There are 2 protein chains.
Amino acid sequence: MNRPMRTRRQATLASLAAELGVSRTTVSNAYNRPDQLSPELRKRVLETARRLGYPGPDPVARSLRTRKAGAVGLLLTENLSYAFRDPAAVGVLEGLALACEDAGVGLHLVPASPGREDVAAVHRAGVDGFVVYSVPDDDPHLAAVLQRPVPTVIVDQPEVEGVDRVGPDDEAATVSLANHLVALGHRQVGVLCMRLARDRNDDFVPMSRQQEAHYHVQRTRLAALARTFEAAGVAWESVPVVERFEHNVDDGASAARQLLDAHPRVTALICTSDILALGALAEAGRRGLRVPADLTITGFDGIAEATRAGLTTVHQPVLEKGKSAGRLLLGAADRVAPKVITLPTELRVGTTSAPPRTAEERWFGP
Amino acid sequence: MNRPMRTRRQATLASLAAELGVSRTTVSNAYNRPDQLSPELRKRVLETARRLGYPGPDPVARSLRTRKAGAVGLLLTENLSYAFRDPAAVGVLEGLALACEDAGVGLHLVPASPGREDVAAVHRAGVDGFVVYSVPDDDPHLAAVLQRPVPTVIVDQPEVEGVDRVGPDDEAATVSLANHLVALGHRQVGVLCMRLARDRNDDFVPMSRQQEAHYHVQRTRLAALARTFEAAGVAWESVPVVERFEHNVDDGASAARQLLDAHPRVTALICTSDILALGALAEAGRRGLRVPADLTITGFDGIAEATRAGLTTVHQPVLEKGKSAGRLLLGAADRVAPKVITLPTELRVGTTSAPPRTAEERWFGP
DNA sequence: TTGAAAGCGCTAACAT
DNA sequence: ATGTTAGCGCTTTCAA
């Protein structure tokens, strides 16, 4: 296999046209509108191009002229490491990539880790639109994106007025899950949740932090839980909620440990994601707690691993979510009203939820 | 939260300058070189910009002018689904993303699924360079990339003369693995390998196809195995090799099944990836074969799941691989000689390899 | 079928 | 500290 010489770009469309003694239009047409010139001429153009080492129209110049970048930006305020490790996130990414592929446009990942305050990368991205995936409502990158005069679609969170959004009905989904637990008879519950704000708090969460959470999805789920359990006679202030900044199985386990150490009498652990729930499951095993006999554990998302583990959870179509976001963005040409797509969710009762044991059973066995 | 009106871009740097009665340079400086103008003037510029709804310098125009796109392209001739599901690939991606993040440049995924012949997306990508990850040597997208007058780094495969490359020494790594098996006494072996060409062949692989494989990594590994086992007195033509187009655990299992059904006497299954090996492990379990007592199984890559499963495998630093590729590309400014980075590999003997049972043991137990 | 003219929006010398 | 001048390389009316 041979490499063409890699000198700096010497030939341009103009120089090629000059060499050929034709106009630039003709050369441009040779590449973009083959039907606009005779096959022989076109052949001559392409051959001369090869001879001169002209690599074809410069994509950036073309973009400037056509006002189309041919790419959508993805803003993801999370280390890609974690994004890639969470199957739910991977599903969204995959769906988005599929939509982009169908449209023949690139997917431009914008460098924006949680710590980074530098939003220049957002300004520098040559894209026709942005998909923003699950960022806090006070994220500076998000603000920078919204500044840009291109369409934007937000996936999951936050909710921003006037901006397209796709996500599940977290409220309703969470209520259905909570009702399931209430119906089973659980009144002493604990919650493991994901990051609630940009500052790290790997600890119990006071009410104020729950209510002011900058991650709308978490806030909504907590609020829905609170409302449902209050209605069942549970004082929410007394319900322990443990937060984790990083989203992975190990942190789920450590959160469960922290919660169970302090509140050994909870009968159910409600996790706002399957990943956390998987960790909780592991911790329960380590403690010799049988699930669901001794402890009920629930998740959220419905990832494959969760299904395999028999987890009671709320399933949401993550691949669809990514696809919808992509299609929504790509078709956003000149829609007027902002669009919100609400995805269906489904409560999937598995083998990790059951009625709590009575006090008697606790002492004497079932 | 409020959205600014989203009319089509009306204000430009020029119109803003006119409105302010200053030159365009000054406005440009306000954004790009704050130290080049008085703080008051800068403030006035920025305020007027906000008032006029000027979103800051257009990234594409800037790129055209500066000849810097601020992004690197990633060519990955695989459905992203599979790329994301293979931890080894995810590691590479992650490392690359990290390098990009450090440099503050975006990562532009080029739509190029295996089936797609349309290389326009490569031409259209406004990037400063390409990373090409594991594609067949006859891939049209690769050819298109090499046409572009920007630096390119190839990860793993193929080897192209004059192009930077980063990857392990597959030859040496495979030989060390093969020697391990030879030393254990295995002479009746079978191989499960990944896709060897762009056409699908979920079946046994004749010698010709092994030798002409368009995926250089697979070709090298097979050749190294062949050479080592031949040296140990094994006629390679008699060694069954089964290929799978898709790279996932289930296909690994079905490949193992196909091979073991036809060759029940093999004592070792050599897999060219951990993913396939994990599948083989599952299939062995299904058949009631004990590993390694009844069957030795080896992998390649050293992913976490493999380590957890105790797989004997060759570990390679995938995260480093991605990082190196990114750094190599971003530092490629005006290097002269092409650079090849060979990553260290390490044979990790786990609990899935052991001496074959003797014929006697086969009948009477250990 | 081909060409001429007019920018897309910006930045970087080089003045002043 | 600010302005002037010249493009970056291309596509696209419009006219011939």
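Proteins come first, then strands; the chains are lettered A, B, ... in the order of their sequence lines, and each starts at number 1. Bear in mind that the values here come from a model prediction, so they are computed numbers and not experimental data.
Rounded to an integer number of Å, the gap from CG of A:L64 to C1' of C:dG9 is 6 Å. Regarding A:K68, its NZ atom lies at a distance of 13 Å from the P atom of C:dG9, rounded to whole Å. Look at CG on B:L16: it is 14 Å from P on C:dG9, rounded to the nearest Å. Going from atom CZ of B:R65 over to atom C1' of C:dA13 covers 9 Å, rounded to whole Å. Spacing between atom CZ of B:R62 and atom C1' of C:dC8 amounts to 16 Å, rounded to whole angstrom units. As a whole-Å value, the separation of B:R24 CZ from D:dA1 P is 22 Å.
Contact of the A:L343 side chain with the A:V166 side chain is registered, since non-hydrogen atoms from C-beta on lie closer than 4.5 Å. A:Q36 is not listed as a side-chain neighbour of A:T25, based on a closest heavy-atom distance of 4.5 Å or more.
For C:dT2, neither phosphate oxygen OP1 nor OP2 lies less than 4.0 angstrom from any side-chain nitrogen or oxygen of A:S23. One finds a side-chain N or O of A:R67 lying less than 4.0 angstrom from the OP1 or OP2 phosphate oxygen of C:dG9. Dashed line: the shortest gap from a side-chain N or O of B:Y31 to OP1 or OP2 of C:dG9 is not under 4.0 Å. The shortest distance between the side-chain N/O atoms of A:R33 and the OP1/OP2 oxygens of D:dT12 is below 4.0 Å.
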Trace of the salt bridge (charged side-chain N to carboxylate O under 4.0 Å, His left out) decision for B:E101 with B:K323: CA-CA 10 Å; B:E101 206 166 297; B:K323 266 195 209 161; over 6 Å; no
Evaluate A:K321 against A:D156 for side chain to side chain contact (heavy atoms under 4.5 Å, CB included), listing each step before the verdict. CA-CA 9 Å; A:K321 195 156 71 172; A:D156 283 353; 2.8 Å; yes
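Contact annotation for B:T26: backbone-only contact, meaning every heavy-atom pair under 4.0 Å involves sugar-phosphate atoms and none involves a base. Among the atoms of the strands shown, only primed sugar atoms or phosphate atoms (P, OP1, OP2) are found under 4.0 Å from some heavy atom of A:N32. Within 4.0 Å of B:V60, counting heavy atoms only, lies no atom of the nucleic acid at all.
Under 3.5 Å, the side chains of B:E19 and B:T48 contain no donor-acceptor pair of N or O atoms.
Residues of residues 35-50 of chain A having a heavy atom closer than 4.0 Å to DNA chain D: none are found.
Here the options are B:V90, B:L93, B:D86, B:V92, the test is side-chain contact (heavy atoms from CB on, under 4.5 Å), and the partner is B:V318; only B:V92 passes. Of the residues listed (B:N32, B:L41, B:L16), the one engaging B:V27 in a side-chain contact (heavy atoms from CB on, under 4.5 Å) is B:L16, and it is the only one.
For the pair A:V27 and B:V22, both in contact range of DNA chain D, the more 5′-proximal nearest nucleotide belongs to B:V22. Each of B:N29 and B:A61 has a nearest nucleotide on DNA chain D; the 5'-most of these lies closest to B:N29.
Judged by atom type and distance alone, B:T25 does not reach the base of C:dT11 through any side-chain donor-acceptor pair under 3.5 Å.
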